[in-house]
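Step one of this worksheet: look at the structure below.
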2 protein chains.
Amino acid sequence: MLPFLSRADETMNANGRGIAQARETGTLGKLMVLLDLVTHADAPLRFTDILSLAGQPRGTLHRQLTHLVEEGLLELDGDGRYAPGLRLLDFAARSWARNEFRLIAEPHLADLQQATGETVHLGVLRGQSIIYLDKVEGRQPVRMYSQIGNASPCYCTGVGKVALSLLPAESLVDLLAGVNFTRFTAATHASPASLLAEIHEIADQGYAFDREEHEAGIRCVAAPIWSEDRTFLGGVSITGPAYRLSMELLAQWAVPVRQAAGRIMEGMRIRLGPRR
Amino acid sequence: MLPFLSRADETMNANGRGIAQARETGTLGKLMVLLDLVTHADAPLRFTDILSLAGQPRGTLHRQLTHLVEEGLLELDGDGRYAPGLRLLDFAARSWARNEFRLIAEPHLADLQQATGETVHLGVLRGQSIIYLDKVEGRQPVRMYSQIGNASPCYCTGVGKVALSLLPAESLVDLLAGVNFTRFTAATHASPASLLAEIHEIADQGYAFDREEHEAGIRCVAAPIWSEDRTFLGGVSITGPAYRLSMELLAQWAVPVRQAAGRIMEGMRIRLGPRR
DNA sequence: GTGAATTGTTCCATTATTTGGAACTGAATT
DNA sequence: AATTCAGTTCCAAATAATGGAACAATTCAC
């Protein structure tokens with residue numbers, strides 16, 4: 001297994017809940033915070049652990065957890081440890097299998113993988129995170145869920161940066177205001193200032209690199225996919241180890257990546273155009 | 001792609017929501033019903049579609065859907081169509097990656113796949129459904145989420161039947177009372193009566209076959225995994241096309257399948273035993 | 001292009017659910 | 001046996017959800 005596939009999730013915790021638009025009020029909102037807590041934990045949590053993390057009164061928390069367990073969103077084992085519920089898998093399997101964007105992109109991702117021999121990703125922006133919707137790899141059978149579904153920061157990934165480059169100025173400012181700039185490697189942007197400079201450049205050239213910014217030794221080149229009104233829909237990227245992907249090679253691959261993105265856009269227009 | 005991998009999900013709809021313990025009351029319960037409706041639909045639903053399916057007052061439904069969208073559990077596109085939200089993928093990726101049972105079973109599933117050359121599954125019982133937690137396949141790269149996370153009926157799958165065979169009599173009766181016996185093939189049990197007879201046999205011999213009961217042309221042999229007190233934890237199975245897997249071969253494979261199940265039980269005892 | 005029908009959204013007094021402090025049980029520790 | 005800690009239950013008060021009706025915005029028919 002290549003090193004970048006076994007990427008540990010600890011880095012993910014820095015995200016907090018960067019996916020939802022943050023609505024921690026209302027019955028559902030509060031329950032989702034709990035679900036986030038448990039799913040983001042490195043190990044199953046005891047009642048008391050959650051109590052200290054959630055800062056809710058004991059009685060309240062207990063009932064909330066009971067409800068989540070009753071719905072299959074959490075599971076409570078015999079030792080009183082709460083883990084994510086498997087019903088989530090069923091939901092996810094369905095949302096993935098029927099996702100129109102992914103279905104349209106799929107053949108083009110496969111073509112791009114064939115052309116370059118490296119790993120290809122499809123990602124979308126949700127909140128401040130990039131969620132990988134699909135991944136096409138060459139050699140080894142993919143350990144599913146290994147990357148798909150994972151949320152990564154937008155400020156240090158290729159897909160993330162092309163996403164930001166298409167955002168209207170004010171949305172960009174709003175989004176970055178909520179980002180916690182964790183320094184994953186020496187190359188990670190440490191502040192909005194340096195990031196913004198690169199974003200403008202990316203907006204001009206139409207593609208972005210990840211120069212080992214999220215993980216040492218891993219590079220990528222990404223291109224955006226947008227709708228008629230230039231709204232960002234998602235991004236395609238080619239990812240691989242730095243020893244194999246020189247910056248020169250990556251720069252050459254900007255062309256096929258953008259072509260693949262273009263074909264996906266074409267597919268979206270054919271499929272969705274008439275209805276809009 | 002082998003035919004049984006592209007199994008369409010229409011059959012799944014017969015399940016209804018067979019996963020949760022049915023708690024359609026309470027704020028969360030009502031919202032989960034909606035989430036189920038949308039995720040089980042064959043295509044994205046409009047507001048009015050959901051209105052007729054959910055049988056809620058317009059105002060109420062509208063607010064509920066708004067909340068689900070705000071939390072990222074549903075997505076509303078420009079055409080007013082509701083689709084499952086991608087935040088579910090993030091939740092699922094985490095619950096899968098850290099699932100202890102799956103992590104313990106993984107190497108033994110791989111061994112079994114190597115030994116037989118056929119597809120190996122790991123499934124657990126949730127409500128009246130079997131949820132596939134893992135899948136190890138030989139040749140082609142697995143299209144992830146293709147089977148993993150999918151819920152299948154318990155009365156016509158190998159893993160499902162070994163699950164039932166370990167249930168205490170009354171639990172079994174309760175569970176079957178809620179099952180809607182859909183006839184998928186000519187071999188599918190059409191009533192609890194014939195199923196119960198086979199269940200007793202399975203309890204005695206310690207393994208179960210699926211004789212093309214869920215899908216024509218697909219057979220499997222499965223063995224149960226249980227904890228110290230003989231509680232069913234999950235099942236391992238070898239699945240493949242009937243033309244390659246004669247019933248004789250399948251009967252021989254009952255041995256390695258049970259061995260794999262045994263090794264997983266051993267792993268569970270080592271990992272979890274001390275803590276209990 | 002106008003009017004009618006359908007679809008989607010907002011409002012607010014009523015109703016139902018959640019809240020959270022406190023009291024309670026049970027197990028582990030000293 | 002006494003004490004602490006983890007987990008559960010209870011119920012008046014606070015909060016959020018409900019749903020009917022009025023209001024917009026589309027779509028459709030003519």
Side-chain angles (χ1 to χ4, degrees), chain A residues 20-38 41 43-85 228-229 272-276, chain B residues 20-38 41 43-85 228-229 272-276:
Chain A
Q21 284 84 314
R23 201 196 77 100
E24 303 192 1
T25 170
T27 308
L28 179 61
K30 291 169 204 159
L31 291 174
M32 294 307 286
V33 170
L34 288 183
L35 196 49
D36 247 359
L37 264 177
V38 176
L45 299 171
R46 317 284 310 278
F47 179 84
T48 320
D49 302 330
I50 305 176
L51 187 60
S52 62
L53 289 168
Q56 297 257 43
R58 303 160 74 78
T60 303
L61 181 68
H62 188 262
R63 185 180 28 72
Q64 289 172 332
L65 290 173
T66 304
H67 285 173
L68 288 168
V69 169
E70 282 172 342
E71 289 299 336
L73 300 177
L74 288 183
E75 308 213 341
L76 174 59
D77 70 16
D79 301 347
R81 302 182 312 163
Y82 290 88
E228 289 90 67
D229 53 355
L272 301 177
R275 305 199 126 254
R276 288 191 178 256
Chain B
Q21 284 85 314
R23 200 196 77 101
E24 304 193 0
T25 171
T27 307
L28 180 61
K30 292 169 204 158
L31 291 174
M32 294 307 287
V33 170
L34 288 183
L35 196 50
D36 246 1
L37 264 177
V38 176
L45 299 172
R46 317 282 309 280
F47 180 84
T48 320
D49 302 330
I50 305 177
L51 187 61
S52 62
L53 289 168
Q56 297 256 43
R58 303 159 73 79
T60 302
L61 180 68
H62 188 262
R63 185 178 27 70
Q64 290 172 332
L65 290 173
T66 303
H67 285 174
L68 288 168
V69 169
E70 281 173 342
E71 290 299 335
L73 300 176
L74 289 182
E75 308 211 342
L76 175 59
D77 69 18
D79 301 349
R81 303 182 312 165
Y82 290 89
E228 289 88 69
D229 54 353
L272 300 178
R275 304 199 126 254
R276 286 187 182 262

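Letters A, B, ... mirror the listed sequences (proteins, then strands); counts begin at 1.
In this structure, A:L65 atom CG and C:dT18 atom P are separated by 14 Å, rounded to whole Å. Summarising the geometry, the separation between NE2 on B:H67 and C1' on C:dT9 is reported as 14 Å, rounded to the nearest angstrom. The CZ-P distance, from A:R81 to D:dA6, rounds to 16 Å in whole Å. Summarising the geometry, the separation between CD1 on B:I50 and P on C:dT9 is reported as 11 Å, rounded to the nearest angstrom. Taking atom OH of residue A:Y82 and atom P of nucleotide D:dG7, one finds them 8 Å apart after rounding to whole Å. Taking atom CG of A:D77 as the reference point, atom C1' of D:dA6 lies 15 Å away to the nearest angstrom. To the nearest angstrom, C1' of C:dG21 lies 15 Å from CG of A:L61. Rounded to an integer number of Å, the gap from A:R63 CZ to C:dT17 P is 12 Å.
Nearest approach of B:P44 to B:R81, heavy atoms of both residues: CB-CB, 3.8 Å. Residues A:P57 and A:L51 approach most closely at C-CD1, 4.3 Å, considering heavy atoms. Closest approach of A:L45 and A:V38 over heavy atoms only: CD1-CA, 4.2 Å. Listed here is the closest heavy atom pair of A:L61 and A:Q56: CB-CB, 4.2 Å.
One finds no side-chain N or O of B:H62 lying less than 4.0 angstrom from the OP1 or OP2 phosphate oxygen of C:dG8. For the OP1/OP2 pair of C:dT18 and a distance below 4.0 Å, the side-chain nitrogens and oxygens of A:Q56 include no atom meeting the criterion. Contact annotation: B:T48 reaches the phosphate of C:dG8 (side-chain N/O to OP1 or OP2, under 4.0 Å). B:T66 has no side-chain polar atom (N or O) that falls below the 4.0 Å cut-off from OP1 or OP2 of C:dT9.
Here D:dA16 is the nucleotide among D:dA6, D:dA16, D:dT18 with the atom lying nearest to any side-chain atom of A:K30.
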N/O to N/O distances under 3.5 Å, protein versus nucleotides 20-29 of chain D:
none

Would you list the protein and nucleotides 24-30 of chain C atom pairs, both N or O, that sit under 3.5 Å from each other?
none

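At least one donor-acceptor pair closer than 3.5 Å links the side chain of B:D77 to the backbone N or O of B:G80.
Atom NZ in B:K30 sits 8.5 Å away from atom OG1 in B:T60 (nearest 0.5 Å). Here the CG atom belonging to A:L35 is positioned 10.0 Å from the CD atom belonging to B:E71, to the nearest 0.5 angstrom. Atom CZ of B:R58 is separated from atom CZ of B:R63 by 14.5 Å, given to the nearest 0.5 angstrom.
No side-chain heavy atom of A:T27 sits under 4.5 Å from any side-chain heavy atom of B:L28.
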